[in-house]
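Computation of the quantities below employed the complete heavy-atom set of this structure, encompassing side-chain atoms and omitting hydrogens, waters and symmetry-equivalent molecules. Just so we're on the same page: letters track the sequence lines, and every chain starts at 1.
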Amino acid sequence: MAEFDNCRAKHGRARGFLDAWNPQAKTLALVAHVQAVLAEYREHLPLTARQIFYRLVAAHGFDKTNRDYKRLCEMLVSGRRAGVIPWDAIRDDGFTRASSDTYSDAGDFMKACRYTAEKHFRLDRQDGQRERLVVWCETSGMVPQLERVADRYGVPVFSSGGFDSVSVKHTIAREFAGYDVPVRVLHIGDHDPSGIHLFMSLAEDIGAFCKRYGGRVEFDRLAVLPGHIPQFGLVTAPPKPSDRRRFEGQTVQAESLPPDVLADLLRQGVESHFNMQVYLDVLDDEAAQRAALLEQFDDLDTDDE
DNA sequence: CGTCGTTGTCTGCGTGGCGT
DNA sequence: ACGCCACGCAGACAACGACG
């Protein structure tokens with residue numbers, strides 16, 4: 001069995017923790033800026049590297065260039081290895097895990113069931129609404145913070161990270177067609193040529209598939225809208241001259257929306273399509289059923305004694 | 001001269017646009 | 001009408017250049 005320790009790979013790249021990191025002055029300044037961003041957004045941690053980058057551009061006078069972004073990514077790696085940037089502050093969702101839950105014994109399993117009933121018992125919180133809402137996000141890195149808002153309404157958040165393959169669109173369309181009310185997709189993506197085309201292609205494909213299966217779906221562009229640029233003072237860039245697709249005006253990445261603004265936009269978007277009284281009634285019903293469920297668990301406990 | 005920073009490259013899939 | 005190419009996206013690695 002090989003023994004692993006902090007070390008350097010063949011060509012000098014750090015492995016494990018970096019005990020002796022002596023960043024140069026320029027990098028040290030970058031570290032300070034990143035720490036300021038993390039402090040500013042401590043309510044919304046963890047952030048993706050890209051979200052940090054856009055905040056640096058928007059509020060710290062950084063250039064929005066690919067090389068500056070790469071420099072940030074390299075620093076974030078070294079900085080975390082060296083303990084200067086907290087591990088829990090940066091998120092990367094490109095990882096999946098498959099495993100089964102295990103229990104120490106049957107009693108432990110019952111405890112877990114009670115905990116699940118208490119914390120996770122949910123009714124369909126969209127039950128009784130005239131439409132079924134879904135959030136669709138171009139960037140998978142934004143999903144956790146969108147979910148934080150959407151979950152309380154029972155609204156799912158979808159993302160396939162950049163592009164949407166035809167098999168994904170077909171699967172989802174068939175799922176949409178299974179609902180007895182029309183589906184409304186609230187979409188969040190970049191305001192640039194490929195972002196607009198991704199959105200159009202998504203809406204047209206899912207719309208066509210869904211129609212064939214007897215369902216109905218509407219697509220709303222929630223963000224980024226051209227009007228958001230002046231409204232929130234977003235960082236823009238000219239469209240890449242190499243991209244010949246027709247596009248007017250400046251481009252904006254979805255990550256340049258500050259996390260708190262994004263949360264507000266989503267909350268308003270959901271509530272504008274929600275009958276709030278129906279929603280509150282479901283919440284009441286849910287709480288009552290949960291309480292009844294927990295009583296059953298407590299009765300089981302007393303029987304044991 | 002060792003350590004640190006920069007840059008090109010890779011991954012997979014869909015897109016527009018060009019050439020055949 | 002088709003194939004092919006460049007490009008976009010995010011993040012990390014390897015090679016090489018620069019700093020101290």
Side-chain angles (χ1 to χ4, degrees), chain A residues 6-34 46-57 62-85 87 89-96 136-145 158-172 187-206 208-209 224 237-248 251-256:
Chain A
N6 303 331
C7 56
R8 292 201 166 266
K10 205 170 158 190
H11 294 287
R13 178 167 273 268
R15 302 290 187 211
F17 292 103
L18 195 44
D19 296 326
W21 187 46
N22 298 303
Q24 298 168 12
K26 193 180 167 189
T27 302
L28 220 44
L30 178 59
V31 169
H33 283 291
V34 169
L47 302 174
T48 62
R50 208 135 184 103
Q51 287 172 320
I52 293 171
F53 177 60
Y54 279 106
R55 193 56 190 163
L56 290 175
V57 175
F62 279 66
D63 288 338
K64 188 183 167 294
T65 59
N66 206 33
R67 44 190 296 276
D68 277 17
Y69 174 65
K70 286 186 166 189
R71 198 164 80 85
L72 171 68
C73 288
E74 290 295 333
M75 187 284 278
L76 289 176
V77 171
S78 303
R80 278 175 290 174
R81 289 185 188 280
V84 176
I85 304 289
W87 289 99
I90 317 286
R91 205 181 60 230
D92 178 6
D93 304 314
F95 175 74
T96 42
W136 198 297
C137 175
E138 191 180 315
T139 325
S140 58
M142 298 172 87
V143 170
Q145 62 188 109
F158 295 0
S159 175
S160 50
F163 63 89
D164 309 290
S165 70
V166 71
S167 48
V168 165
K169 290 190 275 199
H170 176 261
T171 302
I172 297 301
H187 189 266
I188 294 160
D190 298 343
H191 181 64
D192 63 12
S194 63
I196 298 299
H197 279 85
L198 280 170
F199 175 64
M200 296 301 291
S201 142
L202 183 74
E204 289 165 5
D205 260 335
I206 291 188
F209 287 141
V224 178
K240 297 217 161 64
S242 53
D243 198 333
R244 290 186 170 102
R245 287 174 285 197
R246 281 196 309 277
F247 186 81
E248 297 201 357
T251 72
V252 183
Q253 303 290 299
E255 280 100 335
S256 62

Trainee: A:Leu18 and A:Arg80: side-chain contact (heavy atoms from CB on, under 4.5 Å), yes or no, with the steps?
Mentor: CA-CA 8 Å; A:Leu18 195 44; A:Arg80 278 175 290 174; over 6 Å; no
Trainee: Whole angstrom is fine here: how far is it from CG in A:Asp190 over to P in C:dC7?
Mentor: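 So the CG-P distance, A:Asp190 to C:dC7, works out to 19 Å.
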Trainee: B:dG2 P sits how many Å from A:Asn22 CG, rounded?
Mentor: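 About 16 Å, once rounded to whole Å.
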Trainee: Rounded to the nearest Å, what distance is computed from the CG atom of residue A:Leu202 to the P atom of nucleotide C:dG8?
Mentor: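 Atom CG in A:Leu202 sits about 21 Å away from atom P in C:dG8.
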Trainee: Could you tell me how far apart A:Tyr54 (OH) and C:dG11 (P) are, to the nearest whole angstrom?
Mentor: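 Answer to the nearest Å: 11 Å.
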Trainee: Among the candidates C:dG11, C:dA12, B:dT6, find the nucleotide nearest to the side-chain atoms of A:Arg80.
Mentor: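 So the side chain of A:Arg80 is nearest to C:dA12.
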Trainee: Go through C:dC19, B:dT6, C:dA10 for me and flag the one nearest to the A:Glu74 side chain.
Mentor: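 Per side-chain heavy atoms of A:Glu74, the pick is B:dT6.
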Trainee: Say you draw a straight line from CG of A:Leu72 to CZ of A:Arg50; how long is it, rounded to the nearest 0.5 Å?
Mentor: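 Those atoms lie 10.0 Å apart.
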Trainee: Report yes if a side-chain nitrogen or oxygen of A:Arg50 is closer than 4.0 Å to either non-bridging phosphate oxygen (OP1 or OP2) of C:dA10; otherwise report no.
Mentor: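 For C:dA10, OP1 or OP2 has a side-chain N or O of A:Arg50 closer than 4.0 Å.
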Trainee: Angle between the two end axes of the helix from B:dC1-C:dG20 to B:dT20-C:dA1, five base pairs per end, rounded to 10 degrees?
Mentor: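 Axis-to-axis angle, ends of the helix: 50°.
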Trainee: Quickly work out the A:Gln51 CD to C:dA10 C1' distance and round it to whole Å.
Mentor: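 Answer to the nearest Å: 13 Å.
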Trainee: I want to verify a distance call: between C:dC9, C:dG11, B:dT6, whose nearest atom is closest to the A:Lys26 side chain?
Mentor: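 The answer is B:dT6, which lies nearest to the side chain.
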Trainee: Just to confirm, is there a sub-4.0 Å distance from OP1 or OP2 of B:dG5 to any side-chain nitrogen or oxygen of A:Trp21?
Mentor: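 Checking B:dG5 against A:Trp21, a side-chain N or O does come within under 4.0 Å of OP1 or OP2.
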Trainee: Take atom CG of A:Leu30 and atom C1' of B:dT6, then tell me their distance rounded to the nearest Å.
Mentor: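 It works out to 13 Å between those atoms.
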Trainee: With a 4.0 Å cut-off on heavy atoms, is A:Gln253 in touch with a base, just the backbone sugar-phosphate, or nothing at all?
Mentor: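 Result for A:Gln253 = sugar-phosphate.
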Trainee: Please find the pair of heavy atoms, one from A:His191 and one from A:Val224, that lie closest to each other, and give the distance.
Mentor: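 Scanning both residues completely, I find the closest heavy atoms to be CB-O, 3.8 Å.
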Trainee: Check step by step if side-chain contact (heavy atoms from CB on, under 4.5 Å) holds for A:Phe53 and A:Thr48.
Mentor: CA-CA 9 Å; A:Phe53 177 60; A:Thr48 62; over 6 Å; no
Trainee: Look at all strands and tell whether A:Ser78 reaches a base, only sugar-phosphate, or nothing, counting heavy atoms closer than 4.0 Å.
Mentor: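 Contact class for A:Ser78: none.
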Trainee: Nearest whole angstrom, please: distance from the P of C:dG11 to the CG of A:Leu76.
Mentor: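 Answer to the nearest Å: 10 Å.
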Trainee: Going by side chain to side chain contact (heavy atoms under 4.5 Å, CB included), name the residues that satisfy it together with A:Ala49, two or more places apart in sequence or in a different chain.
Mentor: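 Checked A:Ala49 against side chain to side chain contact (heavy atoms under 4.5 Å, CB included); matches are A:Tyr69, A:Cys73, A:Leu76.
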Trainee: Search all heavy atoms of A:Trp21 against all heavy atoms of A:Ala82 and return the closest pair with its distance.
Mentor: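 For A:Trp21 versus A:Ala82, the nearest heavy atoms are CE3-CB, 3.6 Å.
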Trainee: Knowing that exactly one of A:Asp190, A:Ile52, A:Leu47 qualifies, which makes a side chain to side chain contact (heavy atoms under 4.5 Å, CB included) with A:Glu255?
Mentor: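 Between A:Glu255 and the candidates, side chain to side chain contact (heavy atoms under 4.5 Å, CB included) is satisfied uniquely by A:Asp190.
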Trainee: C:dA12 C1' sits how many Å from A:Tyr69 OH, rounded?
Mentor: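 So the two atoms are 10 Å apart, to the nearest Å.
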Trainee: Which part of the nucleic acid does A:Lys70 contact within heavy-atom distance under 4.0 Å: base, sugar-phosphate only, or nothing?
Mentor: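 Answer is base: heavy atoms of A:Lys70 come under 4.0 Å of a base.
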